[in-house]
Amino acid sequence: MDSSMTTSTSPLVTVTPERFSLVAYDADRIVSIVRELAERVGVTNPIVVDVDERTPLSKMSAAVDGSSSDATVRLRFESGALENTKALTTFGESRARLSIGRMLLRAADRLSGRFQDAPQDTELTNPQNAAWDAYCGGRLERLGLGPVEQQYRYDFRNRFGFGDDTDAAFDRLWAADGLSWSDLPGT
């Protein structure tokens with residue numbers, strides 16, 4: 001598969017590097033997953049995926065260059081965000097689907113206009129990141145991608161405190177659709 005090919009229903013997706021040398025990843029497989037998930041979340045813009053294979057860390061971010069239908073979505077992943085945690089330096093499809101899906105949902109949020117006041121992903125505070133992750137996690141679950149709700153809840157509690165009010169705020173985010181940046185706690 002040529003990673004620059006596109007169809008009428010799939011966005012143009014490119015992945016760098018085109019060939020991985022430090023991890024056992026396949027750029028064409030990543031393109032396929034990105035296209036499938038982009039269609040499911042409604043992102044039709046061109047997408048550039050940059051994977052930093054030099055680090056086993058798992059930071060990731062999504063950015064959009066503008067707000068038009070031809071604005072480029074830029075997804076950045078440290079290789080650990082796509083890794084099989086039981087077989088280091090190999091691609092972990094389920095982990096990659098969750099990571100890519102979460103960043104595509106953030107890109108879709110930014111493209112919707114409802115998150116125009118959100119800082120760039122790299123400038124989010126820990127509470128802002130946890131709140132947006134909780135909102136994305138519930139939508140990933142409804143897409144059938146199987147996130148572990150308890151992991152998201154624990155991270156949310158670590159940022160906002162342990163208690164009934166925190167759990168109620170998490171539950172609201174997990175079940176929500178169509179929120180704006182100002183609807184998230186910590187913003």
Side-chain angles (χ1 to χ4, degrees), residues 2-18 25 27-53 55 57-82 95-143 145 147 152 155 159 173-174 176-187:
D2 177 359
S3 64
S4 64
M5 289 178 52
T6 188
T7 65
S8 61
T9 59
S10 295
L12 174 66
V13 177
T14 57
V15 172
T16 56
E18 290 180 11
Y25 295 1
D28 289 334
R29 184 68 192 128
I30 294 170
V31 166
S32 176
I33 292 169
V34 171
R35 281 190 180 142
E36 175 207 333
L37 294 176
E39 287 179 30
R40 291 174 72 182
V41 302
V43 174
T44 58
N45 299 59
I47 301 170
V48 174
V49 179
D50 181 33
V51 180
D52 184 352
E53 68 176 326
T55 177
L57 301 177
S58 59
K59 288 184 182 179
M60 56 187 139
S61 65
V64 179
D65 299 341
S67 59
S68 68
S69 62
D70 63 346
T72 300
V73 171
R74 297 189 182 281
L75 307 179
R76 290 185 172 86
F77 300 96
E78 291 179 342
S79 67
L82 309 176
R95 182 176 171 98
R97 287 177 161 285
L98 287 171
S99 296
I100 293 166
R102 188 167 53 176
M103 291 304 101
L104 284 170
L105 284 169
R106 284 194 180 190
D109 289 342
R110 291 184 185 282
L111 287 165
S112 74
R114 295 186 309 270
F115 280 70
Q116 62 198 25
D117 296 335
Q120 294 300 311
D121 282 8
T122 56
E123 298 170 6
L124 294 170
T125 65
N126 288 334
Q128 290 169 334
N129 199 49
W132 205 348
D133 281 351
Y135 176 45
C136 289
R139 294 181 290 166
L140 290 170
E141 181 178 66
R142 290 187 291 284
L143 287 170
L145 295 177
Y152 287 81
D155 187 45
R159 305 303 176 203
L173 291 172
W174 194 264
D177 281 307
L179 296 181
S180 66
W181 175 245
S182 61
D183 293 325
L184 302 183
T187 61

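- The two residues Ser58 and Glu78 come nearest to each other via the heavy atoms N-OE1, 3.4 Å.
- Residues Thr44 and Pro11 share a closest heavy-atom pair of O-CB, 3.7 Å.
- A salt bridge links Arg102 and Asp133; the closest N-O separation between the charged side-chain nitrogens and carboxylate oxygens is under 4.0 Å.
- The pair Arg76-Asp52 fails the salt-bridge criterion, with no side-chain N (NZ, NE, NH1 or NH2) lying under 4.0 Å from an Asp/Glu carboxylate O.
- Under the 30°/60° scheme for interplanar angles, the aromatic rings of Trp132 and Phe115 are found to lie parallel.
- Of the inter-residue distances, the one linking Leu124 atom CG with Ser61 atom OG reads 9.5 Å to the nearest 0.5 angstrom.
- In the model, Asp65 has no side-chain atom that pairs as donor or acceptor with a side-chain atom of Thr72 under 3.5 Å.
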Worked verdict on Val51 versus Thr16 for side chain to side chain contact (heavy atoms under 4.5 Å, CB included): CA-CA 6 Å; Val51 180; Thr16 56; over 6 Å; no
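- The two residues Ser99 and Ala81 come nearest to each other via the heavy atoms OG-O, 2.7 Å.
- A heavy-atom distance below 4.5 Å is found between the side chains of Asp121 and Met103.
- If you take CZ on Arg95 and CG on Leu82, they are separated by 8.0 Å, rounding to the nearest 0.5 Å.
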Side chain to side chain contact (heavy atoms under 4.5 Å, CB included) assessment of Asp50 paired with Arg74: CA-CA 8 Å; Asp50 181 33; Arg74 297 189 182 281; over 6 Å; no
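- Salt-bridge check for Arg139 with Asp109: passed, with a basic side-chain N closer than 4.0 Å to an acidic carboxylate O.
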Full working for side chain to side chain contact (heavy atoms under 4.5 Å, CB included) between Leu105 and Tyr135: CA-CA 9 Å; Leu105 284 169; Tyr135 176 45; over 6 Å; no
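- Nearest heavy atom pair, residue Pro17 against residue Glu53, reads CG-OE2, 3.8 Å.
- Rounding to the nearest 0.5 Å places CG of Leu37 at 8.5 Å from CG of Leu140.
- Across Pro147 and Tyr152, no two heavy atoms sit closer than the pair CB-CE1, 3.6 Å.
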Report all side-chain donor-acceptor pairs from residues 178-187 shorter than 3.5 Å, counting only partners two or more places apart or in another chain.
from, atom 1, to, atom 2, distance (Å)
Ser180, OG, Ser182, OG, 3.2
Ser180, OG, Asp183, OD2, 3.1
Asp183, OD2, Ser180, N, 2.8
Thr187, OG1, Trp181, O, 3.1
Thr187, OG1, Leu184, O, 2.8

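- Here the NZ-OG1 distance, from Lys59 to Thr122, works out to 9.5 Å after rounding to the nearest 0.5 Å.
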Working for side chain to side chain contact (heavy atoms under 4.5 Å, CB included), residues Val43 and Val73: CA-CA 9 Å; Val43 174; Val73 171; 4.1 Å; yes
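- Looking at every heavy atom in both residues, Gly66 comes nearest to Leu111 through O-CD2, 4.4 Å.
- Between Asn45 atom CG and Leu12 atom CG the span is 11.0 Å, to the nearest 0.5 Å.
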